[in-house]
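Chain identifiers are assigned alphabetically (A, B, ...) following the order of the sequence lines, protein sequences preceding nucleic acid strands; residue numbering begins at 1 within each chain. Please read all numbers here as calculations on a predicted model, not as lab measurements.
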Amino acid sequence: MNKKSKLSFSLLLDDYRDSHIIKKIAERIDQSIAGIDRKIRIMEVCGGHTHIIAKYGLEQILPETIEFIHGPGCPVCIMPKERIDHAYIMSLEKDVILVSLGDMMRVPGSYGSLFDARAKGADIRFVYSPLDTLDIAKENPDKRIVFFAIGFETTTPMTAALIERQIKESLKNILYHINHVTVPEPMEVVVSEDDSNIDAFIAPSHVSVITGAKIYQPIVNKYKIPIVVSGFEPVDVMESVRMIVQQFADNRAELEIEYKRGVTTEGNIKAQKMIDKYFEKDDFFRWRGVGDIPQSSYRLRSEYSYLNAELIFDLPDNSIDDHKLCMCGDILKGKAKPFDCKAFGKTCTPGKPLGACMVSDEGSCAAYYRYGRFNKI
Amino acid sequence: MKEILLEHGGGGESTGKLINDIFLEAFSNETLNKLEDASPFFADGKMAMTTDSYTVNPVFFSGGNIGKLSICGTCNDLAMMGAKPGYISCGFIIEEGFGIDELKTIVKSMSEELKKNNAVIITGDTKVVPRGNADKIYINTTGVGEIVYDGLSSSGIGEGDMIVVSNSIGEHGAHIFVMREGINIKSDLKSDCRSLWPLVDLLIKAGIRIKAIRDATRGGLSAVLNEWARQSNVCIKLKEELIPVKREVKGICELLGFEPYHLACEGTFVMAVDREDADKAVEAMRSHEYGSNAAVIGTVDSEFISKAVLETGIGTKRILDIPAGVLLPRIC
Amino acid sequence: MCLAIPSKVIEIDHEMNSITVDTMGAARSASLDLLPEPVEIGDYVILHVGFAIRKVDEKSAIEVIDYYNEILADEQEE
Ligand code: SF4
């Protein structure tokens, strides 16, 4: 048998959510911030961090001079309507089963959401793991299975692993509509603008498990901005804020890893190789709320274009903008808060989202709506 | 004969046999056995009546089945009005080809649950529809019962009242979710599907001053408390650490990104009681196996009117939100 | 983005290159196709949409918590 692991759920989940430790870190932050008389605006890039901050109300125990800006890190939110329309159109094609992950089902495109397509008779399944698509393909040899792939670098290798298994098992009936996007490029977009408000980044947990912390080094070097790669629990987020504040106190701007139990500088090389084997960078991707960002997404390598649903189905090549009132672009860039939007909570709610940030539970408008509503309304 | 055929619903000989061998066998009582077109019964005082249709998929789950649910659900709706379940009607819509043994199991669970509520089925109906026109089996039940504790209302909750749950939350919702659509999670978790009248009866007998009481079914704890906060114009404030949640439910919530407060319960209720009675209510419920994890979970004040608010372990507050439509795993 | 949670390895299936993991009583199979390091039963891995993506590093996981717990314990003594 193996050596005894000192790890336990009580350590990994309970201790990393322990209220005494969280409060202790808050005290530490108060001490280090005492000498700094400026605002520190921290963008948490990842929607998961936005969720944790809202869920634990972390803003309420941090000094007022620390402000969180919620970044563009939710793959469901940043999906432009025209690509959801693609999913909708493909799902209603003859003999197609459309497969995607969780929340994607709810997001409305210009014709409706995938739930609406399902009500019209489309066969749409959601899976917990991309590999579950293999079973659907085997059980339905006469159908074309379209895997609507979403997610950042964290989820991209899983799509690659699915392709690899499909090829190994000679399954012919799975096609791919790829919407895998990458994190550093939008980070650079928001920080490079002249009127950028961002003083530091909390970098994503699980993207970084795959890519390694190294992907953020160029941004730190070029913009002299502190970046801390943080874990997913409240203690992680607090500790990352503390590390950022400490950098300001010491006048440093460095790349640091708080989430050492999961992230290394180099990352998961095996997963990176899988990505490279099947994907290459696309010229640009249109981010909902942000616009075109060059080199910020993946497409299938040309050897695998026979698996590319975008080439096989007849899909419109257009772009659809959000409602005029919607301020998502500014929110994603840290220039506005959800409360600044006139539509927030009135014509725009999670049930009927007008813009990107209200779409998924992890969008910043949705997080504010769910957890923070009583502050202002 | 192993399967239900169209002729079982046709009114002829097969229908008679089905009624006799399965339904009367299990539900037998003087009124039902007469098989009249309508069943007479005596009623005295203020009555409550409720109806619900059950279409749960999967039909069989761990901790119960659609039959158990159809009796629990309807009797619980009565109990939540302070009414003692009395008479029940039931209508079956069965898809052609449904297994007779499975039907027997369902009917047996119904009869066991009726006994726990001291209620009887006095009229019923069975229809069989062609294959594909229904998903296995649907059951509708209607219940009537005498109100023995009057004045319960979701608009009568006042500042100072306490919020109490009868047991740990979210088990039915979590269990049904993992049994469905390609999630492939294994768990020993059972549905909490159970009859609540025995517990309510205990509380009434203990003289607890109940203001409002509701089983936290669809939308879970958060749906009920949000509705109460709005209708009573108060702020309901829960302490997150006091809410009983089983470890297995927590695990499923971690995996899928759910909140236990959004998951349906089928045998757990929440109530608002007079401050002085809260501990006594918990004690009374803990004496019964269906209330083993009963707990006081919060208070009522006026800080954020019409809102249900959660206080976290670190003393921060957040809105207890209402789940948006269908629950979907938060994967990305 | 990317919900991922620590889970405990309770079974290893070498043929399928997969493991069964437990997350507080909920068990699910997970693929090893993307895991760079070998695992043993009892290890904790980070799980994302059905794939183990990393073994949880024991030393670093304990470090942060121990550091703060010690401070908290010292304060209690004072
Ligand atoms: S509230 Fe709605 S419309 Fe306003 S910025 Fe957010 S998503 Fe856009």
Side-chain angles (χ1 to χ4, degrees), chain A residues 1-9 11-13 15-16 18 20-21 24-25 45-48 51 73-76 101 127-132 151-155 157-158 160-161 164-165 183 204-207 209-210 232 235-236 239 258-264 268-271 274 362, chain C residues 1-10 12 16-19 21-26 28-76:
Chain A
M1 268 322 274
N2 63 326
K3 67 209 174 320
K4 201 146 159 37
S5 169
K6 285 204 211 82
L7 296 173
S8 63
F9 285 117
L11 174 93
L12 293 171
L13 296 177
D15 288 350
Y16 274 92
D18 184 85
H20 305 284
I21 297 184
K24 188 80 232 161
I25 303 175
V45 181
C46 165
H51 189 83
C74 156
V76 175
L101 303 177
V127 288
Y128 171 73
S129 163
L131 284 190
D132 295 341
F152 284 85
E153 291 94 326
T154 334
T155 321
M158 287 74 189
E164 178 134 317
R165 289 245 167 193
V183 162
S205 318
H206 298 116
V207 162
V209 170
I210 302 291
F232 234 44
V235 163
D236 291 313
E239 179 68 2
E258 181 279 332
Y259 191 32
K260 288 216 177 90
R261 63 188 187 282
V263 173
T264 58
N268 180 337
I269 305 280
K270 188 172 176 185
M274 281 293 260
E362 296 184 4
Chain C
M1 70 206 90
C2 320
L3 186 72
I5 21 127
S7 302
K8 188 177 180 174
V9 180
I10 54 175
I12 303 177
M16 295 299 293
N17 200 33
S18 71
I19 49 178
V21 291
D22 165 83
T23 310
M24 295 203 286
R28 204 203 180 275
S29 89
S31 167
L32 291 176
D33 286 1
L34 300 172
L35 191 74
E37 59 261 295
V39 279
E40 290 174 46
I41 288 177
D43 281 344
Y44 284 76
V45 293
I46 300 170
L47 186 70
H48 175 63
V49 296
F51 286 79
I53 53 174
R54 189 69 220 270
K55 230 163 91 169
V56 177
D57 183 65
E58 188 174 304
K59 192 171 140 274
S60 333
I62 294 169
E63 216 168 57
V64 183
I65 297 299
D66 273 0
Y67 173 76
Y68 283 108
N69 274 339
E70 268 164 38
I71 297 179
L72 287 167
D74 285 352
E75 277 174 11
Q76 282 218 316

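- Between the side chain of A:Tyr16 and the backbone N or O of C:Ala61 there is at least one donor-acceptor pair closer than 3.5 Å.
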Report task. Could you walk me through whether A:Lys270 and C:Asp33 pass the salt bridge (Lys or Arg N to Asp or Glu O under 4.0 Å) test, one step at a time? Result -> CA-CA 9 Å; A:Lys270 188 172 176 185; C:Asp33 286 1; over 6 Å; no
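- The shortest side-chain heavy-atom distance between A:Pro157 and C:Phe51 does not fall under the 4.5 Å cut-off.
- Side-chain atoms of A:Ile269 and C:Pro36, non-hydrogen and from C-beta on, never get closer than 4.5 Å to each other.
- Minimum heavy-atom separation, C:Asp22 to A:Phe9: O-CZ, 3.0 Å.
- How far CD of C:Glu75 is from NE2 of A:His20: 11.5 Å, rounded to the nearest 0.5 Å.
- If you measure heavy-atom distances from A:Tyr259 to chain C, the contacts under 4.5 Å come from the side chain alone.
- The two atoms that bring C:Ile53 and A:Asn268 nearest to each other are O-ND2, 3.0 Å, heavy atoms only.
- Rounding to the nearest 0.5 angstrom, the gap separating the CZ atom in C:Arg28 from the OG atom in A:Ser129 is 5.5 Å.
- For A:Met158, the parts lying near chain C are the backbone and the side chain together; criterion is any non-hydrogen pair under 4.5 Å.
- With rounding to the nearest 0.5 Å, the separation of CZ in A:Arg261 from CG in C:Asp57 is 10.0 Å.
- The part of A:Ile210 that comes within reach of chain C is its side chain, from C-beta onward, which places non-hydrogen atoms under 4.5 angstrom from that chain.
- Scanning all heavy atoms of the two residues, the minimum distance from C:Tyr44 to A:Leu12 falls at CD2-CD1, 3.6 Å.
- The distance from atom CD1 of A:Ile21 to atom CD1 of C:Ile65, rounded to the nearest 0.5 Å, is 4.0 Å.
- Looking at A:Ser205, there are no atoms closer than 4.5 Å to chain C (heavy atoms on both sides), in backbone or side chain.
- Heavy atoms closer than 4.5 Å to chain A are found in the side chain of C:Ile71, but not in its backbone.
- Interface check for chain C: of the options A:Val235, A:Asp236, A:Ile25, the most heavy-atom pairs under 4.5 Å are formed by A:Ile25.
- Note: C:Ser29 OG to A:Leu131 CG = 8.5 Å, rounded to the nearest 0.5 Å.
- The main-chain N or O of A:Gly262 is found under 3.5 Å from a side-chain atom of C:Arg54 such that the two form a donor-acceptor pair.
- Here the CG-OG1 distance, from C:Leu34 to A:Thr154, works out to 11.5 Å after rounding to the nearest 0.5 Å.
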Query - Intermediate values then yes/no, side-chain contact (heavy atoms from CB on, under 4.5 Å), C:Val64 and A:Lys260 - result: CA-CA 10 Å; C:Val64 183; A:Lys260 288 216 177 90; over 6 Å; no
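- The shortest non-hydrogen separation linking C:Tyr68 to A:Lys24 is CD2-CG, 3.9 Å.
- The existence of a salt bridge linking C:Asp43 and A:Lys6 is excluded, since no basic side-chain nitrogen approaches an acidic carboxylate oxygen closer than 4.0 Å.
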